[in-house]
Amino acid sequence: MTGPGEHPSFTLGYVPGVTPGKWVRKWNERSPEVPLSLVQVPAAEAADMVRRRDADAVLLRLPTERTGLHAIPLYTETTVVVVPKDHLITTIEEVSGEDLADDVVLHPLDDTLDWEQPPGRPAIERPATTAAAIELVAAGVGLLVVPQSLARLHHRRDLTYRPVTDAPQSRVALSWLEDETTDLMEQFIGIVRGRTVNSTRGRQPAPAKRERPDAAGKKAEVRKSTGGNRRSSAARGGKRGKPRRRS
């Protein structure tokens with residue numbers, strides 16, 4: 001964020017599992033004079049981080065409460081089930097919710113999937129976080145359905161995962177305050193959307209070049225000495241009669 005009298009800067013929040021590195025590298029290549037700060041934020045607090053103006057923008061997961069915010073969906077994640085490596089599910093390439101019906105499926109409080117009804121049997125208590133749920137999976141307490149990036153983030157040697165074909169999917173989006181699309185914000189939007197450095201989006205068109213007074217005067221003189229004379233000559237020629245005979 002930039003305050004009065006401060007040098008320009010840009011702060012980007014991001015939720016666990018999202019990897020903004022490629023966009024940060026592009027920013028540093030294009031605007032090395034404007035530092036970009038990264039701040040990780042829990043998924044449940046991501047939208048409020050921007051509302052509090054603790055960040056210029058945030059990479060969050062949809063669905064989320066978006067009142068007062070813009071949001072550009074960037075990509076959709078595969079949903080997977082995290083299981084112990086010796087679980088029967090590891091014998092197949094992908095699963096459905098029905099395949100999980102007999103298992104305890106953990107539903108952490110920070111879950112970002114928009115379930116109508118989570119699959120499997122519910123645990124006695126909901127884990128506080130995804131990280132805590134991963135520990136319970138490793139302990140054999142149950143299974144966990146999450147976006148694939150979170151399964152990778154919490155990777156353990158004794159766990160693996162398989163895609164779930166009929167589960168809700170998480171969409172990663174870039175979000176910022178409505179009515180506060182600054183030049184720096186436009187620049188970051190261009191980066192995540194893959195615009196080239198020469199893109200004119202968000203820039204004002206260059207003003208049209210004005211003719212110099214002497215150039216305009218010369219054009220006027222040319223018109224007088226060409227078209228104007230031809231018209232007057234034609235007019236005079238139209239009034240001439242036949243020459244008189246001499247007596």
Chemist: So does D102 have more than 12 non-hydrogen atoms from other groups sitting under 6.0 Å from CG?
Modeler: no
Chemist: I need the minimum non-hydrogen distance between A128 and L109, along with the two atoms involved.
Modeler: O-CB, 3.6 Å
Chemist: Looking at L106, L100, D111, which hits side chain to side chain contact (heavy atoms under 4.5 Å, CB included) with V145?
Modeler: L100
Chemist: Nearest 0.5 Å, please: how far is OG in S31 from CD1 in I191?
Modeler: 6.5 Å
Chemist: Would you name the heavy atoms of G17 and R61 that are closest together and state the gap between them?
Modeler: CA-NH2, 3.8 Å
Chemist: Would you say the side chain of L136 lies within less than 4.5 Å of the side chain of P127, judging by non-hydrogen atoms?
Modeler: yes
Chemist: Should we count CD1 of I124 as having more than 12 external heavy atoms under 6.0 Å?
Modeler: no
Chemist: Decide yes or no for V83 and T160: does some side-chain heavy atom of the first lie under 4.5 Å from some side-chain heavy atom of the second?
Modeler: yes
Chemist: Could you check if a side-chain atom of H154 sits within less than 4.5 angstrom of a side-chain atom of V137, using non-hydrogen atoms only?
Modeler: no
Chemist: Do we see a donor-acceptor contact under 3.5 Å between the side chains of D110 and T130?
Modeler: yes
Chemist: For the CD atom on E33, are there more than 12 heavy atoms of other groups (residues, nucleotides or ligands in this structure) within a distance under 6.0 Å?
Modeler: yes
Chemist: Looking at every non-hydrogen atom in both residues, tell me the closest pair between T112 and A43 and how far apart they are.
Modeler: CG2-CB, 3.7 Å
Chemist: Working note: R162 + H87, criterion side-chain contact (heavy atoms from CB on, under 4.5 Å); need CA distance, chi angles, decisive distance, verdict.
Modeler: CA-CA 11 Å; R162 292 291 185 271; H87 196 281; over 6 Å; no
Chemist: State yes or no: do I72 and L12 share one hydrophobic cluster built from I, L, V, M, F, W and Y residues joined by side-chain heavy-atom distances below 4.5 Å, directly or via other members?
Modeler: yes
Chemist: Do I189 and T181 pass the side-chain contact (heavy atoms from CB on, under 4.5 Å) test, and can you show the C-alpha distance, the side-chain angles, and the key distance before you say yes or no?
Modeler: CA-CA 10 Å; I189 292 169; T181 307; 4.3 Å; yes
Chemist: Got more than 12 heavy atoms from elsewhere within 6.0 Å of CZ, R157?
Modeler: no
Chemist: Taking the side chain as C-beta and beyond, is there a heavy-atom pair between W27 and V192 under 4.5 Å?
Modeler: no
Chemist: P63 and D114: which non-hydrogen atoms are nearest, and at how many Å?
Modeler: CG-CB, 3.5 Å
Chemist: Using the rule given for side-chain contact (heavy atoms from CB on, under 4.5 Å), can you reason through Q187 versus F10, listing the C-alpha separation, both sets of side-chain angles and the distance that settles it, and then say yes or no?
Modeler: CA-CA 11 Å; Q187 186 169 323; F10 193 84; over 6 Å; no
Chemist: Does K85 have more than 12 heavy atoms from other residues, nucleotides or ligands lying within 6.0 Å of its NZ?
Modeler: yes
Chemist: In terms of ring plane angle, is the pair F188 and W23 parallel, tilted or perpendicular, where the classes change at 30° and 60°?
Modeler: perpendicular
Chemist: Going only through I, L, V, M, F, W and Y residues with side-chain contacts under 4.5 Å, is there a path from I89 to L159?
Modeler: no
Chemist: Mind checking the CZ-CD spacing from R195 to E186? Nearest 0.5 Å is all I need.
Modeler: 6.0 Å
Chemist: Would a distance-only check, ignoring hydrogens and angles, find a side-chain to backbone donor-acceptor pair under 3.5 Å from N28 to R25?
Modeler: no
Chemist: In Å, rounded to the nearest 0.5 Å, how long is the span from CG of D56 to OG of S9?
Modeler: 6.5 Å
Chemist: Less than 4.5 Å apart, any side-chain heavy atom of I134 and any of V146?
Modeler: no
Chemist: Measure across H70 and L177 and return the closest heavy-atom pair with its distance rounded to 0.1 Å.
Modeler: CD2-O, 3.7 Å
Chemist: Is there a continuous path of hydrophobic side-chain contacts, each under 4.5 Å between heavy atoms, that joins V95 to Y161?
Modeler: no
Chemist: Would you say that L113 contacts S170 through its side chain, given a criterion of any heavy-atom pair below 4.5 Å between the two side chains?
Modeler: yes
Chemist: Taking W176 as the starting point, is it possible to reach L38 by hopping between hydrophobic residues whose side chains are less than 4.5 Å apart?
Modeler: yes
Chemist: Any donor and acceptor pair, going by atom type alone, linking the side chain of T79 with main-chain N or O of P168 inside 3.5 Å?
Modeler: yes
Chemist: Tell me, with the steps shown, if V104 and R121 meet side-chain contact (heavy atoms from CB on, under 4.5 Å).
Modeler: CA-CA 5 Å; V104 172; R121 296 184 291 117; 3.7 Å; yes
Chemist: Provide the closest heavy-atom pair for P35 versus P8 in the form atom of the first, atom of the second, distance.
Modeler: CD-O, 3.5 Å
Chemist: Quick one: CG on L144 to CG on D103, what's the gap to the nearest 0.5 Å?
Modeler: 12.5 Å
Chemist: Please determine whether the number of non-hydrogen atoms from other residues, nucleotides or ligands lying under 6.0 Å from atom CD of E178 exceeds 12.
Modeler: yes
Chemist: Report, as yes or no, whether the 6.0 Å neighbourhood of atom CD on E93 holds more than 12 heavy atoms from other residues, nucleotides or ligands.
Modeler: no
Chemist: Between M49 and L60, is there a side-chain heavy-atom distance shorter than 4.5 Å?
Modeler: no
Chemist: Is there side-chain contact between R171 and Y75, with heavy atoms separated by less than 4.5 Å?
Modeler: no
Chemist: Please say yes or no: joined through hydrophobic side-chain contacts below 4.5 Å, possibly via intermediate residues, are L59 and V50 part of one cluster?
Modeler: yes
Chemist: Decide, yes or no, whether a salt bridge links E77 with R152 under the criterion of side-chain N to carboxylate O below 4.0 Å.
Modeler: no
